[in-house]
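See structure below.
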Amino acid sequence: MNKDSLKEKFESKAVAIKAQFQDIKKNYSDVDLGSYNIGQVIGGMRGMIGLLYETSALDPEEGIRFRGYSIPELRAKLPKIPGGTEPLPEGIFYLMLMDELPTEDDVVLVSTEWKKRSNVPKYVFTMLDSIPKQTHPMTQFSLAITAMQNESVFAKAYHDGISKSEYWSYMYEDVMNLIGRLPRIAAYIYRRTYKDDIHIEPLPNLDWAGNFAHMLGYEDDIFKKLMRLYLTIHVDHEGGNVSAHATRLVGSALSDAYLSFASAMNGLAGPLHGLASQEVIRWILQMKEELGDKVLDKDAVTGYIHETLNKGRVVPGYGHAVLRKTDPRFIAQQEFAHKYMPDDETIKIVSLLYEVVPKVLTETGKVKNPWPNVDAHSGALLVHFGLTEYDFYTVMFGVSRSLGVLSSLIWDRYLGLPIERPKSVTLKFLQQKVANMAPKPETVVED
C-alpha cells in the first residue's frame with residue numbers, strides 16, 4: 001500500500017490530536033456533561049450529548065461551522081478554480097480532515113488523489129444495468145456502494161490481520177477510493193434512469209464537482225459553479241443527524257467505509273432526512289398550479305399557507321430539529337440565486353415564501369423554528385437549469401455528504417473509538433420510574 005503525501009501529512013498532524021484525546025479519556029472520563037430526562041429518551045435523544053464528532057458543529061442560533069468556520073467565511077477563504085466564485089469541495093474535505101484551511105496546492109493534491117482513484121469496477125455498472133430503471137435512484141446508489149465493498153482495502157487487511165493502530169490507514173484508502181468514484185456512479189445512475197442510458201465520460205482537466213456536472217450532462221459554467229457550492233454546503237451537519245450517525249454507528253462495528261456509507265445513504269433516503277428537497281419543489285410547483293397567476297401575490301400565498309396548515313400538513317423546507325434561525329446554507333443558495341437568476345419565477349416564489357412563512361408559523365405559537373432550512377431553496381436552483389428529476393436530488397445530497405461523514409470515519413479509526421452500545425429501557429421501566437410521582441399539572445390558558 002503506497003502512502004500519498006496527504007496521508008502522510010494527516011498522520012503527522014493526528015499524533016498530537018490523539019495525545020489530547022488520550023489525556024481527556026484517561027484523566028477526565030468521569031466529568032459530568034449534564035443530565036437528561038424521559039422526554040429526551042423517548043423523543044429522539046434531542047439535546048443529549050452522546051457523540052464525539054470533530055468535523056463540524058451546529059449551533060442553534062448561528063448554524064453550522066466546519067472546524068470553526070462558518071459558510072460565509074468558507075465561501076471567502078476556501079480555494080476556487082482560477083477565476084471562480086465558489087469554493088471547491090476538495091477544500092472543505094481537506095479542512096474537515098486536517099483541521100486547517102487548505103492552500104491551492106493542498107486542493108490540487110486532494111483532487112489529483114480522487115482522480116487517480118476514480119475508476120469504477122465494471123461489475124458495478126453491470127449490477128446496476130441488471131435492475132429495473134424505475135428503481136429509485138437512492139436504492140441504486142446504495143446498491144452500487146454496497147457492491148463495491150468487494151474493493152475494500154480495510155476489509156481485506158482486517159481479514160489478513162492488522163494491528164489496531166493501523167486501522168485508520170486502511171480506512172483512509174477506502175474513504176479516498178470511495179469518494180473518488182461516487183460522482184461517476186451517481187452520474188451513471190442519472191443517465192441510465194433519465195437519459196436513455198447515454199453516458200458521458202469524465203474529463204481529466206475538471207475538478208470533482210465540475211466533472212460531476214459534466215457527467216450529468218450539464219456544461220453551463222453557472223451550473224458548475226452551483227455544483228461547487230451545493231457539494232460544499234451539504235457535506236456535514238455535525239454527528240447526530242441520521243446519515244452521519246449511521247456512518248459512525250455502523251463503522252464502530254469495524255465495518256468498512258463502503259458498508260458504513262451505504263447505511264448512511266439508506267438513512268438519507270428517508271422522508272425526514274434527505275428527501276426533503278424534492279418534497280419542497282413538488283409542493284412549490286403544486287402551489288403554482290393551484291394559485292395560477294396569483295402565485296406571486298403575497299395575500300394569496302399567505303392564504304395558501306394557512307390552508308396547508310389547517311389541513312394538518314407541514315410547510316416543507318421550514319423548521320429544523322436543532323436550528324432556531326435561518327439556515328446559513330439557505331442564505332448561501334439565496335445569494336447565488338439572486339446573483340445568477342434573479343428573474344426566475346420559482347426563485348421569486350422561494351423568496352416570497354421566506355417573507356411569508358416564518359410570520360404565519362410564528363403566529364400559530366406551536367413552532368420552535370419557523371425559519372427555512374437548506375432544502376427550502378436547493379430544488380429551485382436545480383429546476384432553473386432543467387434538472388427536474390426530483391428523485392435524483394437526494395443522490396446529489398449523498399455525493400456531498402460523503403465528504404463529511406467519511407472524513408470523520410477516518411478520525412474514528414485513528415482515535416480508536418469503540419463500538420457504540422447505548423443502554424435501552426422498556427416502557428415498564430419508565431412507568432416504574434414515575435410510579436410515585438404526581439402527573440405534570442395541565443397548563444391553564446386564560447382568556
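For clarity, every value in this text was computed on a predicted model and none was experimentally measured. Heavy atoms only: backbone and side chains are in, while hydrogens, waters and symmetry mates are out.
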Only one of Tyr414, Phe154, Trp411 passes ring pair (Phe, Tyr, Trp, His ring centres under 6.0 Å) with Trp168, and that residue is Tyr414
Take Trp371 and Phe330, measure what ring pair (Phe, Tyr, Trp, His ring centres under 6.0 Å) needs, and give me the verdict at the end.
CA-CA 10 Å; Trp371 304 104; Phe330 173 91; over 10 Å; no
Within the 3.5 Å criterion, strictly below it, is a donor on Glu420 or Ser252 matched to an acceptor on the partner's side chain?
no
Salt bridge or not for Lys156 and Glu173, using N-O below 4.0 Å?
no
Do other residues, nucleotides or ligands put more than 12 heavy atoms under 6.0 Å from Glu289 CD?
no
How long is the span from the OG1 atom in Thr247 to the CG atom in Asp412, to the nearest 0.5 Å?
9.0 Å
Could you list the residues that satisfy ring-ring contact (aromatic ring centres under 6.0 Å, His included) with Tyr172, not counting sequence neighbours?
none
Can you see which heavy atom on Arg65 is nearest to which on Ser70, and at what distance?
NH1-N, 3.4 Å
I'd like to know if Glu62 pairs up with Lys325 as an ion pair, taking the criterion as any Lys NZ or Arg NE/NH1/NH2 lying under 4.0 Å from an Asp or Glu carboxylate oxygen.
no
Using every non-hydrogen atom in the two residues, find where Asp256 and Asp174 come nearest and quote the distance to one decimal.
CB-OD2, 3.5 Å
Going from CE on Met138 to OG1 on Thr135, what distance comes out if it is rounded to the nearest 0.5 angstrom?
13.5 Å
With a 4.0 Å cut-off on N to O distance, would you call Glu201 and Arg184 a salt bridge?
yes
Going by atom types only, do Asp207 and Ser111 share a side-chain donor-acceptor pair under 3.5 Å?
no
Can His338 and Ser351 be counted as having a side-chain donor-acceptor contact under 3.5 angstrom?
yes
Would you give the length of the straight line joining atom CE of Met96 to atom OG1 of Thr55, rounded to the nearest 0.5 angstrom?
6.0 Å
In this structure, is the centre-to-centre distance between the rings of Tyr390 and Tyr393 below 6.0 Å?
yes
Roughly how far, to the nearest 0.5 Å, is the OG atom of Ser408 from the NE2 atom of His245?
11.0 Å
With no hydrogens and no angle check, do the side chains of Thr85 and Lys80 hold a donor and an acceptor under 3.5 Å apart?
no
Heavy-atom count check: over 12 atoms from other residues, nucleotides or ligands less than 6.0 Å from Tyr158 OH?
no
Judged by modelled atom types alone, do Ser277 and Ser378 share a side-chain donor-acceptor pair under 3.5 Å?
yes
Test item: side-chain donor near acceptor, Tyr304 and Asp297, under 3.5 Å:
no
On a heavy-atom basis, which atom in Leu95 and which in Leu101 lie closest, and how many Å separate them?
CD1-N, 3.9 Å
Any chance the side chains of Thr103 and Asp106 put a donor and an acceptor closer than 3.5 Å?
yes
Within 6.0 Å of CD in Glu104, more than 12 heavy atoms from elsewhere:
no
Could you check whether atom CE of Met45 has more than 12 heavy atoms from other residues, nucleotides or ligands sitting under 6.0 Å from it?
no
Can you find a heavy atom in the side chain of Ile233 that is under 4.5 Å from one in the side chain of Ile92?
no
Is it true that, when you exclude Lys13 itself, more than 12 heavy atoms of the residues, nucleotides or ligands shown sit nearer than 6.0 Å to its NZ?
yes
Ignoring hydrogens, what is the shortest heavy-atom contact between Phe141 and Ala186? Give both atom names and the distance.
CE1-CB, 4.2 Å
Main-chain N/O of Ser243 paired to His273 side chain as donor or acceptor, under 3.5 Å:
yes
More than 12 heavy atoms of other groups within 6.0 Å of Lys133 NZ
yes
Assess, by modelled atom type and distance only, whether the side chains of Tyr190 and Glu389 contain a donor and an acceptor separated by less than 3.5 Å.
yes
Phe223 vs Phe385 aromatic rings, parallel, tilted or perpendicular, using cut-offs 30° and 60°?
perpendicular
Which label fits Trp114 and Trp208: parallel for a plane angle under 30°, tilted from 30 to 60°, or perpendicular past 60°?
tilted
Ion pair Lys339/Glu335, N-O distance below 4.0 Å
no
To the nearest 0.5 Å, what is the distance between CD (Glu219) and CG (Asp221)?
9.0 Å
When rounded to the nearest 0.5 angstrom, what is the spacing between CG in Leu229 and CE in Met227?
8.5 Å
Under a 3.5 Å distance rule, please check whether Arg181 uses its side chain to pair with a backbone N or O of Ser118 as donor and acceptor.
no
So does Lys348 pair up with Glu345, basic N to acidic O under 4.0 Å?
no
